[in-house]
Amino acid sequence: MIDKDLVQIKVAGPNATVVTLPAPTNMSLSLMELLKGNGYPIQATCGGMALCATCHVCVLEGYEQVGEPASDAEWAMLDSLFNTTDTSRLACQVRIGHACDNMLVKILGDT
Amino acid sequence: MITTDICIVGAGPVGLFAVFEAGLLGMRCHLIDVLTQPGGQLAEIYPKKPIYDIPGYPVVLAGELIQRQLEQIAPFKPTWSLGEKATDLQKNPSGDFLITTSGGNQIQAKILVIASGLGVFEPRKPPISSLDDFENKGVDYFVKNPDAYKGKKLVLAGGGDSALDWTIFLADIAAELTLVHRSSRFRAAPDSVEKVMALSQSGKVRLMLDANVTEVHGNGRLNKVVVSNKDGWPTHLDTDYFIPLFGLRPELGPLAQWGLNMDGEAIKVDNTLDYQTNIPGVYAIGDINTYPGKLKLILCGYHEAALMAQSAWKRLHPNSMFNMKYTTVNGINGF
Ligand SMILES: Cc1cc2nc3c(=O)[nH]c(=O)nc-3n(C[C@H](O)[C@H](O)[C@H](O)COP(=O)(O)OP(=O)(O)OC[C@H]3O[C@@H](n4cnc5c(N)ncnc54)[C@H](O)[C@@H]3O)c2cc1C
Ligand code: FES
C-alpha cells in the first residue's frame with residue numbers, strides 16, 4: 001500500500017550514488033530538518049531562519065515543482081555564496097509536501 | 001604583552017556579560033574575538049532580529065542588546081583584541097595562562113574564560129588555487145583596517161549584503177574598485193543595490209557580472225587576478241588587494257588542541273559547581289560548553305558567567321572571605 005502522506009526525496013552523494021529518503025508530508029518538516037534527521041552533517045547554524053546559508057542545496061531534479069519559490073530573503077542569502085547555482089535553495093526554506101516527491105538534491109552547504 | 005586578571009575568548013553576549021560579573025568583583029578582563037565587532041552570533045548572524053526571552057525586555061533587537069551590554073560593561077574598561085583568533089594556550093611556571101593570538105599578541109592572565117560559542121567565525125574561501133599563498137599579502141577576507149586600502153586598486157567578490165556594503169564604503173577610499181559577482185543581478189538589500197548601481201554608472205566602481213575570480217598571481221605579494229566570465233573568457237586585472245566576501249561559517253578552531261575534555265564540539269564543564277573545565281582556572285561558559293541539561297540560550301550563558309566570576313574570585317583570593325553584595329547596595333564602581 002502506498003502511504004499518501006509519504007514522498008521520496010533523493011540525495012545525490014559522492015561517486016554518482018543516490019540515497020532515497022522517505023519523507024512525511026504531514027509534519028510541516030523542512031528539507032533541512034529531514035536531512036539533519038537522517039544524519040547528514042548540515043550545520044544549520046541559524047536554526048532555519050535563512051540567515052546562515054549553511055543548509056545550501058542544489059536541486060538537480062524537480063526544481064520547478066518544489067512548491068513555494070525562493071523568497072527575496074532566501075535569494076539574498078544564496079547570492080552571498082560563491083557556489084550558488086541556478087537551481088540552488090536553502091533547504092530550511094523548502095517545506096516537504098507532495099510537490100517535492102522524487103526531487104533530487106545535492107548538499108552544497110558547510111558541514 | 002598584555003597582563004590582566006581574566007582573559008575571555010569570545011566577545012558574544014556571554015563573554016560580554018562575564019566582563020560585567022568579573023568587574024563587580026574587581027577583576028579586569030581582556031576580550032579576544034576573531035570578528036572585528038563584538039556581539040558573536042547576535043552581531044554576525046541576526047543583528048536585526050527580535051529576541052523575546054531576555055528578562056525585562058518584552059522584545060529587543062539582537063544588535064541593540066549587544067549595544068546595551070557594551071554600555072553596561074563600559075565602567076569596567078575591558079581591553080580588546082578584535083579581529084584576532086586565540087590560537088595557542090600555555091601555562092607559565094608562575095601558574096598564569098599565556099594566550100597567543102593570530103595577530104601576534106600575547107595575553108597573560110590568571111584565569112581563562114572560554115566563551116567561544118559556536119566557534120571561530122571563519123570566512124568561506126572560494127576554490128581558487130594558490131589563494132592561501134597570498135593571505136595577508138594582498139588577499140583579505142575581512143576589512144579590518146580600511147585605511148590600508150587608501151589609494152589602492154581593489155577587487156572585491158561577492159553578491160551579498162557585506163560585499164555591497166564594503167563596495168559602497170571602499171569606493172570612496174580606493175583608487176580603483178572592481179566588484180565581481182557570479183550572477184547577472186544582485187538580490188541583496190535593495191537600497192545597497194541601488195547605491196552600487198549608481199557608483200557603477202558614475203564610473204567609481206567597475207562591475208563584472210556573471211563572472212568569477214578564477215586565478216590569483218603575484219610575486220610574494222598579490223599583483224593580479226584573472227576574472228572569467230560565463231563563457232570562460234578571461235580578463236586580467238592588476239590589483240593591490242583581492243577581498244572575497246562570501247560570508248562566514250563557524251568552526252571549533254584552535255581550542256580543540258588545548259587539552260580540554262570535549263564532548264563532540266563542546267567543552268565539558270562541572271555544572272554542579274562553577275563551569276570550570278578539566279584544567280583548573282579555565283572556565284567554559286555559553287554555547288561552547290556542555291553538561292547534563294544544557295540549554296543553548298543567552299539567558300543560561302549569563303547565569304553561567306555569574307557563577308564563573310564568583311569561583312574565579314575565590315581562586316584569586318584563596319585567603320579572603322567572599323562577601324556577596326547586591327548591585328543595589330553599592331551600585332557600579334568602575335575602574
Ligand atoms: C538566528 C538565531 C536566533 C537566536 N535566537 C535566540 C533567542 O531568541 N534567545 C536566545 O536566548 N538565544 C537565541 N539564539 C542563540 C544565541 O545566539 C546563543 O545562545 C548566544 O549567541 C551564545 O552566546 P555566546 O557568547 O556563548 O557565543 P557566540 O554568540 O557564538 O559568540 C562567540 C564568539 O567567540 C568567537 N570565537 C570563538 N572561538 C574563538 C577563538 N579561538 N578566537 C577568537 N574568537 C573566537 C566567535 O567569533 C564569536 O564571536 C539564537 C541564535 C541564532 C543563530
Ligand atoms: S539553516 Fe540557516 S539558512 Fe538554512
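Quick note on labels: first sequence line is chain A, next is B, and so on, each numbered from 1.
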If you draw a 6.0 Å radius around CD in B:Glu265, do more than 12 non-hydrogen atoms from other residues or ligands fall strictly inside? no

Are any of the side-chain heavy atoms of B:Gln41 and A:Leu51 separated by less than 4.5 Å? no

For B:Lys49, which atoms come within 4.5 Å of any heavy atom of chain A: side chain, backbone, both, or neither? side chain

If you measure from CD on A:Gln43 to CD on B:Glu251, what distance do you get to the nearest 0.5 Å? 8.0 Å

Region of B:Leu118 that comes under 4.5 Å of a non-hydrogen atom in chain A: side chain

More than 12 heavy atoms of other groups within 6.0 Å of A:Glu68 CD: no

Non-hydrogen atoms of chain A under 4.5 Å away: do they reach the side chain of B:Arg124, the backbone, both or neither? both

Select one option (side chain, backbone, both, neither) describing which atoms of B:Ala188 are under 4.5 Å from chain A's heavy atoms. backbone

Check the surroundings of atom NZ in A:Lys106: do more than 12 heavy atoms from other residues, nucleotides or ligands lie under 6.0 Å from it? no

Inter-chain contacts: residues 78-104 of chain A against chain B, heavy atoms under 4.5 Å: A:Leu78, A:Asp79, A:Ser80, A:Leu81, A:Phe82, A:Thr84

Evaluate the side-chain proximity of A:Thr45 to B:Arg249: yes if any heavy-atom separation is below 4.5 Å, no if none is. no

Please classify the contact between A:Ala73 and chain B as side chain, backbone, both or neither, with a heavy-atom cut-off of under 4.5 Å. neither

Go through the atoms of A:Met77 and report whether side chain, backbone, both or neither lie under 4.5 Å from a heavy atom of chain B. neither

Is B:Lys230 atom NZ crowded by more than 12 heavy atoms from other residues, nucleotides or ligands, each under 6.0 Å away? no

Which of residues 57-65 of chain B get closer than 4.5 angstrom to chain A, counting heavy atoms alone? none

B:Leu164 versus chain A, the contacting section by heavy-atom distance below 4.5 Å: neither

A:Asp72/B:Arg187 ion pair, N-O < 4.0 Å: no

Just verifying a value: how many Å separate A:Cys52 SG and B:Glu44 CD, rounded to the nearest 0.5 Å? 11.5 Å

